[in-house]
Every structure is written in structure tokens, then in C-alpha cells.
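To start, the structure itself, in C-alpha cells.
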Number of protein chains: 2
Amino acid sequence: MSAAPTVSPADLEREAQTRLGSVDQRFTRNRRTLVEILSRTGRPLTMPELLEAGPDLAQSSVYRNLVVLEQAGVVRRIVTNDEFSRYELAEDLTGHHHHHLVCTSCGAVEDFTVPEKIESLLDSALRVTADQRGFTVESHRLDLLGRCDACG
Amino acid sequence: MSAAPTVSPADLEREAQTRLGSVDQRFTRNRRTLVEILSRTGRPLTMPELLEAGPDLAQSSVYRNLVVLEQAGVVRRIVTNDEFSRYELAEDLTGHHHHHLVCTSCGAVEDFTVPEKIESLLDSALRVTADQRGFTVESHRLDLLGRCDACG
DNA sequence: ATTTATGCAAATCGTTTGCAAACCT
DNA sequence: AGGTTTGCAAACGATTTGCATAAAT
């Protein structure tokens, strides 16, 4: 349930730096702050949550920086039926492939993982299906929808 | 790739009728039209697509009716990173459990299924994980993100 | 007749954008 | 300097809502 970083904060910064550079973008103070917040929190955050965690950030800049960070492959945007988008570090940055538990009552989103064996089985099954359709898979998304512990 | 209805149009109408009734809602002309369009098309439709398919429908009424139909369990709303929500018939109405291929380029959404064996394996693995977290599963959602045939 | 659904137009609200000042190198 | 980023305020656009009319029972 913690972020369980398999990547050190320093490595993370360096990798974020690199990825931004490869898209001709700078790793500015505000962007650092965002990466730091997302890293520390270790779960998908909404805009209000980000602004609360970084009170000096201007909302418009956060939106703009999240777009940049997403294009650089540092951040991933998650859309649910909830009113807000959520943002988390790209999973190949944290080395932590996972999925989401989405509460249909309060909108909360948590991470979870499935056993490696199931994951790889699923992965190959999906690839077969996609190929048959001429679909080029970039990633998959597996969410569980239901009621979280708090919402009973 | 077709809708492959395992449920006849008549059965569908009757069931929609029933479900609406159980939430104290009527099966009005406009709602019939929506169900008919979704049934005929057999894939998730956006608001513009719905309005094009039913030129006499008022946009606000469509939005309102989709809410009602969703509450009655007749329709399911799908949110992607695309600008529009999409709507399809609830899968327990069509008897056709499926997932989605989401094109990250054009936003198009197609249905696909995975082998029953994989599906049930996944299902039990998910249930175990959820239980450990005190999470009550209502449904799962498995999307493949990538480039569709047309977008190469 | 009374309740509910409809359609138009206006309001909402998360997100995006224009622009001038601040920042970086 | 020369370019980018920032923050404020205004704009956008998908969805929602108020209200008067039309259906439905």
C-alpha cells in the first residue's frame, strides 16, 4: 500500500530530466515539485490534491506542466467517471506495473497488482487479439470498479 | 465485429422496460429511440454520433435520458481520454461480456473479447486481490490502448 | 388533471489559452 | 539579449440545469 519505490529519488530525478530533455523540455522548479509530490504520494492525484500538496503552484501552470510531463512520458493521466482527472508517475519510471481500484461511490483510486503469472498470460492473450484486429497495443488498462473499504 | 445479438430486439425492449420500471421510470419514445440506436450500432457511441443517428433528438434530452438509462442499468457510460463520453448497452442486456480497444490517436472505441478461460482466471485473481483490500467488486474494465488499424 | 418528459436557452465547471511579467542560460 | 515558463484572468466546450410547454397516464 506504500509507494514501495524500486527507484531512488535521485534516479527518478535523473530519469525525469532525461525524458524531458528528449522532448526539448526543461526540468523547471515547478516540474520538479510535481514529480516530487507524485513520487512521495505514490497514488493518482487530482488537481485539487496536487494544489493542496503544492500550495505555491498556479493551477494553470500545473495543467500545462502535466501535459508536458505526460508527453515526456514522466506522468500518466488517468480518467475515470469521476469529475476529475488523476495523475501519477509513469509506471516504467517507478518500475511498478499496476492497476487501479476505482470506487464508484467516492471516486477514490488506489493501486493494486495481480500475480505475475496472470499478468503475462493476460498480456499474451491480449496481444493475439489485438494483432487479429490490426491494432497496435501501446498499453493496457485494467480497473476494478466497486466500493472501497471506506464506502463499504 | 457485428453486434452479434444473443438477445432479440423484442426481448431487449421488454427488459429495458422492466429495468426502467424498477427505478420508476417510463420507457418513453426518446428512450426507445436511444436503445434502438445503441442496439443497432453495437458499439459505444459519442453524443455527436447519437445525435446524428437520431436527428430529432434534443441534445439535453439525450443527456438526461442517458443518465436515466444508466441508472436503470440499461446503458453503460464509458470515459476515455477522448473529449467525449461514449455510451453502449449494458453488457448483461446483450449477454456479451467484452472489453475495449481504445485508439489513442483518433479516439475510436471498438469491442473485443478474450477467451473464456483467461477471463475466468483473471476474474478469480481479481476477486482475491479485492477481498484482501476490503474492496467490493462491481465490475472490471479492461482496455487496450494503442493505434487502431486505420491510424496505423 | 396531475405528474413526468421535452426542448430551448442559459449556467456550470474542469480544463485551456492569451498575454505581459519573471525566469533562466 | 533571446528564448521559455509562469500566473492571472478570460475563454472553451462538454455536460447540466431552469423553466415553460407538450406528452403520457
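All chains are named by letter (A, B, ...) in the order of the sequence lines, taking the proteins before the strands, and each is independently numbered beginning at 1.
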Inset, instruction - Summarise how protein sits on nucleotides 12-25 of chain C as a single string, 5' to 3': B when a protein heavy atom is under 4.0 Å from the base, S for sugar-phosphate-only contact, - for no contact. - result: --SBBBBB------

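- In this structure, B:Asp24 places its CG atom 10 Å from P of C:dA5, rounding to the nearest Å.
- Atom C1' of nucleotide D:dA23 and atom CZ of B:Arg31 are separated by 12 Å, given to the nearest angstrom.
- The one candidate from A:Thr28, A:Leu57, A:Leu45, A:Val75 that meets the side-chain contact (heavy atoms from CB on, under 4.5 Å) condition with A:Leu34 is A:Leu57.
- Using modelled atom types, one finds no donor on one side chain facing an acceptor on the other under 3.5 Å when comparing B:His99 with B:Glu110.
- Following rounding to the nearest Å, B:Phe27 (CZ) and D:dA23 (C1') show an atom-to-atom distance of 16 Å.
- Taking a 6.0 Å sphere around CZ of A:Arg32, one finds it holds more than 12 heavy atoms contributed by other residues, nucleotides or ligands.
- A:Asn65 has no side-chain polar atom (N or O) that falls below the 4.0 Å cut-off from OP1 or OP2 of D:dT5.
- Heavy atoms from other residues, nucleotides or ligands lying under 6.0 Å from CD of A:Glu52 number 12 at most.
- Spacing between atom CG of B:Leu20 and atom C1' of D:dA24 amounts to 15 Å, rounded to whole angstrom units.
- Rounding to the nearest 0.5 angstrom, the gap separating the CD atom in B:Glu119 from the NE2 atom in B:His98 is 11.0 Å.
- For B:Asn30, no side-chain nitrogen or oxygen approaches OP1 or OP2 of D:dA23 to under 4.0 Å.
- Taking the six-membered ring where the residue is Trp, B:His140 and B:His97 present perpendicular rings, their angle passing 60° and hence far from 30°.
- Listed by residue number, A:Asp56, A:Ala58 are the residues of residues 49-58 of chain A with a heavy-atom contact under 4.0 Å to DNA chain D.
- In this structure, B:Leu144 CG and A:Leu142 CG are separated by 10.5 Å, a value rounded to the nearest 0.5 Å.
- To the nearest angstrom, P of D:dT5 lies 11 Å from CG of A:Leu69.
- The pair B:Arg43-B:Glu88 fails the salt-bridge criterion, with no side-chain N (NZ, NE, NH1 or NH2) lying under 4.0 Å from an Asp/Glu carboxylate O.
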